[in-house]
Structures are given as structure tokens and as C-alpha cells.
Amino acid sequence: MNFHILTLFPDMIMQGLNTSITGRAIDKRIIKVNPVNIRDFSNDKHSRVDDYPYGGGAGMVMQAEPVYKAYDYLLNSIKQSKENPNDFQKPKVIYVTPQGSIFHQTKAQELAKEEDLIFLCGHYEGIDERVLDMIVTDYISIGDYVLTGGELPAMVMIDAISRLIPGVLNNEVSSEFESLQDNLLEYPQYTRPEVFMGQRVPEVLLSGHHAKVDAWRREQSILRTYERRPDLLEKAPLTEKERKFLAQYHAQNKNSDIE
Ligand code: ADE
């Protein structure tokens, strides 16, 4: 998978992704991270890429031309890198913006199937709308808060997508059984020692009885989701028995502040 990032801060992208698990995946050539500096495509003698907004208002706006030129250069270089440039299909261009739809695990899974992805990172008050209309295919936000630029959101998405690509995680199964799988949160985890400051590891986990461990974990996932993220439960594929169990639990805990 090739991640291409149109950015004013290529070092920030590389410093963020060149470490830990994504760094190893880059070394192993399972993923490629290719930042393209939009500033290199400025026509201005001071390499400026922003200007005042038409109509007035606070802040500066990134100009259409350097963004378009950077995109055009990138698109051509991706095309030329393909064995068969004539069959080339334009990759998705994701503009990371608080105005986009919210990124989630299902979106990460969908994007992990692509061969190339282009992320466009804005700064200042945004990017001239005309170039966005021309090149952007997806508007995505990482949450309802405003950051200073698109680099961190792009890195968040690249991290979430990368770990779904076979070979990136050491343990192939570990991205399958995890938080948010089937809209359920992950069960609690424990490691040695058996007793920590008087607190014992749940007995069932020491039993060696796999079916019992699985049942306990499933129950914990459901309860944890009910308590921490009840909004997810509606979409979780629970069995009839599990729904009854949850209804009972709900009835017993009605008077607590978890509703
Ligand atoms: N740029 C600034 N804030 C953002 C956010 N919350 N998500 C995506 N891109 C952003």
C-alpha cells in the first residue's frame, strides 16, 4: 500500500510514521509513505502558498495552483511507477478536514483495500475551494474538534489503515479480534503477576478452559460496550440470548447513572 501525502510539513509526516510499527512496515516495504511538499510547487519567489481570502475575514487561504501542481506531479509519478500505466486508475484523494464525515474502523477497512491513497493536508483557514472541487474524492474528519493542520489526522488514518494490512502487525490475528470489531469494545486484558496490589486476575483466565475464557470475554465485551459506548450496541450483532442477558443487566442497574 502506498500512502502519498500532499503537505507543507513532510518532515512531520516522516517523523511521525517512521517509528514503531509503521516504521517497521516501511522498512519491510509493506507500506510506502511518500510525502510531497506543496511548497515546492509555489510560483512565488518567497515560496508562499497562501494569500488573503476574497471577501475578507481572518486568516489566510492556501492557493489553488501549488496544490493542483503538486497533485498533478504526484499523479503522474504514481502512473509512471505502474507496470502498465495505461490501465492506471486515479487513486482516491482524501482531504482531511473537520468538515468531513467521521473516520471509523469500517472506513479504515475499506481504505485498506486500495493500492494508493492520496491525503491532502490543509493549513491556515483552508484551501481554495476550486482545487478541492477538482481533485478531492473524499472529505474525512477524525473527530469534532479543530486541529492546526491536516498532518496529524492524516497520520492517524494512515496508522489505522496500515495495521490492517497483512504483515504489518506481528500477529496476523491481532487486528481481527480487537476493539471495535463488530461494534463491540475489546474485553479487559491481564498479564503477570497474578496478584497486583491485592487485585487478582479473574479466575476464569487461569482455568485453561478455552470455551469458558471465550464466553467470559464475549460477556465482558458486551458489558463494557454497554457501559462505555452504548451508542455502538445498536449496531452490534448480538444473539437473542445476549440481548436478553443485557436487558436483565439493564433492569438490575436501572437506578445507576448508566442509562
Ligand atoms: N484538520 C483540522 N482539524 C481536523 C480534524 N478534526 N479532522 C481532520 N482534519 C482536520
Side-chain angles (χ1 to χ4, degrees), residues 1-22 31 33-42 48-55 57-71 74-75 90-114 116-165 179-180 183 228-229 231-232:
M1 157 76 93
N2 305 309
F3 297 103
H4 312 272
I5 306 101
L6 297 167
T7 171
L8 290 174
F9 298 96
D11 293 348
M12 182 174 174
I13 299 281
M14 287 323 288
Q15 278 161 15
L17 294 174
N18 235 342
T19 46
S20 184
I21 293 175
T22 47
I31 63 169
V33 177
N34 172 35
V36 174
N37 193 344
I38 296 169
R39 203 174 291 285
D40 292 344
F41 297 84
S42 164
R48 281 187 60 175
V49 290
D50 61 332
D51 211 330
Y52 294 99
Y54 277 122
M60 304 294 270
V61 176
M62 275 170 73
Q63 292 170 298
E65 185 167 310
V67 174
Y68 188 80
K69 281 185 170 168
Y71 166 74
L74 175 61
L75 199 62
K90 284 186 187 171
K92 287 189 169 170
V93 179
I94 297 166
Y95 179 42
V96 285
T97 165
Q99 297 181 6
S101 56
I102 303 284
F103 186 63
H104 47 67
Q105 193 64 18
T106 321
K107 190 74 186 171
Q109 274 154 353
E110 188 189 310
L111 294 174
K113 297 185 188 126
E114 302 288 325
D116 292 274
L117 283 174
I118 301 177
F119 290 86
L120 171 60
C121 304
H123 261 267
Y124 316 115
E125 287 307 305
I127 301 181
D128 190 307
E129 196 69 20
R130 291 167 293 184
V131 70
L132 298 178
D133 288 345
M134 282 177 202
I135 69 173
V136 173
T137 58
D138 297 65
Y139 292 79
I140 306 184
S141 166
I142 61 160
D144 287 336
Y145 41 83
V146 181
L147 300 167
T148 54
E151 283 74 16
L152 285 171
M155 284 191 264
V156 166
M157 284 187 235
I158 292 170
D159 187 294
I161 297 165
S162 295
R163 61 188 293 289
L164 300 174
I165 297 168
S179 221
L180 294 185
N183 286 298
R228 297 186 186 174
R229 289 292 307 274
D231 55 304
L232 290 179

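Both ligands and their constituent atoms are indexed starting at 1 by order of listing. The model shown is predicted, which means the values in this text are computed figures rather than measured ones.
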Can you label the angle between the F3 ring and the F119 ring as parallel, tilted or perpendicular, going by 30° and 60°? tilted
Looking at S141 and Q99, would you say the former's side chain and the latter's main chain have a donor-acceptor pair under 3.5 Å? no
Check whether any side-chain N or O of R229 sits under 3.5 Å from a backbone N or O of D231 as a donor-acceptor pair, and report yes or no. no
If we only count heavy atoms from C-beta on, is the M157 to I140 side-chain gap below 4.5 Å? yes
Mind checking whether F103 and L111 have side chains closer than 4.5 Å, heavy atoms only? yes
Under 4.0 Å from ligand 1 - residues by heavy atom, chain and number: V96, T97, P98, I140, S141, I142, G143, Y145, V146, L147, G149, P153
Out of D40, L8, V49, N37, which residue meets the side chain to side chain contact (heavy atoms under 4.5 Å, CB included) rule with P66? V49
